[in-house]
Amino acid sequence: MGSPRWKRLCLLLLIGLAFSIIFYGHYYATDSARSPRTASRLLQVETLELVQAEILQDIRNSNFSAKSIRKWGIATEEPSKGDGSSLLKGKPSLCPQSLKTKVKTDSAFGKQFDFSIPTLIWKRLFTRETWNRLNERNVPYGWRGLPYEVIASAVQLLNDSTNSGLVSQTGSPDGCIRCAVVGNGGILNGSHQGKEIDAHDYVFRLNGAVIKGFEKDVGTKTSFYGFTVNTMKNSLLAYAEYDFTQVPQAKDIRYIFIPSDIRDYLMLKSAILGMPVPEGHDKGDNPQKYFGPEASAGKFRLLHPEFVHYLKERFLKSEIINTEFGKLYMPSTGALMLLTALHACDKVSAYGFITENYKMFSDHYYEREKKPLVFYANHDMLLEANLWRSLHQGGIMKLYQR
Ligand SMILES: *[C@@H]1O[C@H](CO)[C@@H](O)[C@H](O)[C@H]1NC(C)=O
Ligand SMILES: *[C@@H]1O[C@H](CO)[C@@H](O)[C@H](O)[C@H]1NC(C)=O
Ligand SMILES: *[C@@H]1O[C@H](CO)[C@@H](O)[C@H](O)[C@H]1NC(C)=O
């Protein structure tokens, strides 16, 4: 945000001091740190810096070769059904002004983006090698400490080729796939961006995505809804007073699970099977309450833990990682959705994301009285703000500002 480095460090420190209060007092705030139980477990786990550094180097060195295909766990031995190229990201786009073209000619972003990394995990990518590799990292970057049966059964239920992708050619005259990602920032209150948002081929929403009463500002179309089970359920509690009593439901909506906890795998599995959650924190919960009556694999997507790791390492490697809150840190739900869209679409517009002048706006667009944006120690909103600003300035995406 252009503020000097020491100011950011001070802010981090303050966040740190305030954190224990926030942590126990704000248990139902959206996107807040995971539950204290998980937190203490995470804080006890020894650091994995070396392993991560090694894997990062692997990622940097990877290219489209057979070696990298194996590395990302694409099961090459299985003959591909239909269009095999859909298994690999970075297939040539028909869109002449795709952000991929722009990225490749940008000296800085050209090195950060790797369009060959699968954004989603599904049955065909679930190999023994993938299990072994991801088993060395904690959630949301891996599966360390999670039971094989739960992970394997959840991922293997995603057996439809539609589980491997998010968008497909739309038949627009210029061949470009246009995506809008709608965050929940106060900047959208009174913005009148609804029509423009709905004009995109795909609209991503997340967490407390209130639509009713705000159609003019945020539109009505929803193609994807992104969440962790924790942030979704927290949103339903925290924003019930703003009429957020249900996550968006419709026949065409696809749900993007962010694998931040065993809860996400258990809920995903139960949602596809159309059964109540059998065990754990959400035991007895009926997934249809959240996602509607249709239970089938095609309705769901699961972010690849490897992709989440890559996003953290390449785009959002926060200084928080080196503090005592390092184990709690992860990119925000909004950041994960926006970066996912940037790896899937040709053109991306971001609405309701943090801007330089965020202090002028309320935390969320649906608050009736202005509330300041809350900074939690598990996210680095200022780092995210910087990223959005530079992606906008670099012409790679459009950030809605006012
Ligand atoms: C990509 O892989 C090919 C084949 O393994 C190799 O010859 C080439 O040097 C690699 N390129 C980079 C940039 O690593
Ligand atoms: C996926 O698995 C389900 C249940 O095991 C099965 O009924 C379905 O035919 C499978 N779909 C594909 C595309 O293999
Ligand atoms: C949002 O806009 C409405 C209508 O302009 C206004 O009444 C309300 O106070 C605004 N909310 C905030 C938090 O500024």
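Throughout, numbering of the chain's residues begins at 1 and tracks the sequence. Just follow the structure's listing: the first ligand is 1, and inside any ligand the first atom is 1.
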N/O of Asn159 under 3.5 Å from N/O of ligand 2, yes or no? yes
Over-ring placement of Arg178 relative to Phe204, 6.0 Å and 45° cut-offs: no
Flag the pair Phe361 / Thr355 as yes when at least one side-chain heavy-atom distance between them is below 4.5 Å, and no otherwise. yes
Amino acids contacting ligand 3, non-hydrogen cut-off under 4.0 Å: Asn189, Ser362, Glu367, Arg368, Glu369, Lys370
All pairs passing salt bridge (Lys or Arg N to Asp or Glu O under 4.0 Å) where residues 215-236 contributes a residue, at least two apart: Lys233-Asp282, Lys233-Asp285
Taking the inter-plane angle between the rings of Phe126 and Trp143 on a 0 to 90° scale, is it parallel (under 30°), tilted (30 to 60°) or perpendicular (over 60°)? tilted
In plain terms, say whether Asp243 and Lys212 are close enough for a salt bridge, that is, a side-chain N and a carboxylate O under 4.0 Å apart. yes
When you check the gap from the basic side-chain N to the acidic O, do Glu196 and Lys398 get nearer than 4.0 Å? yes
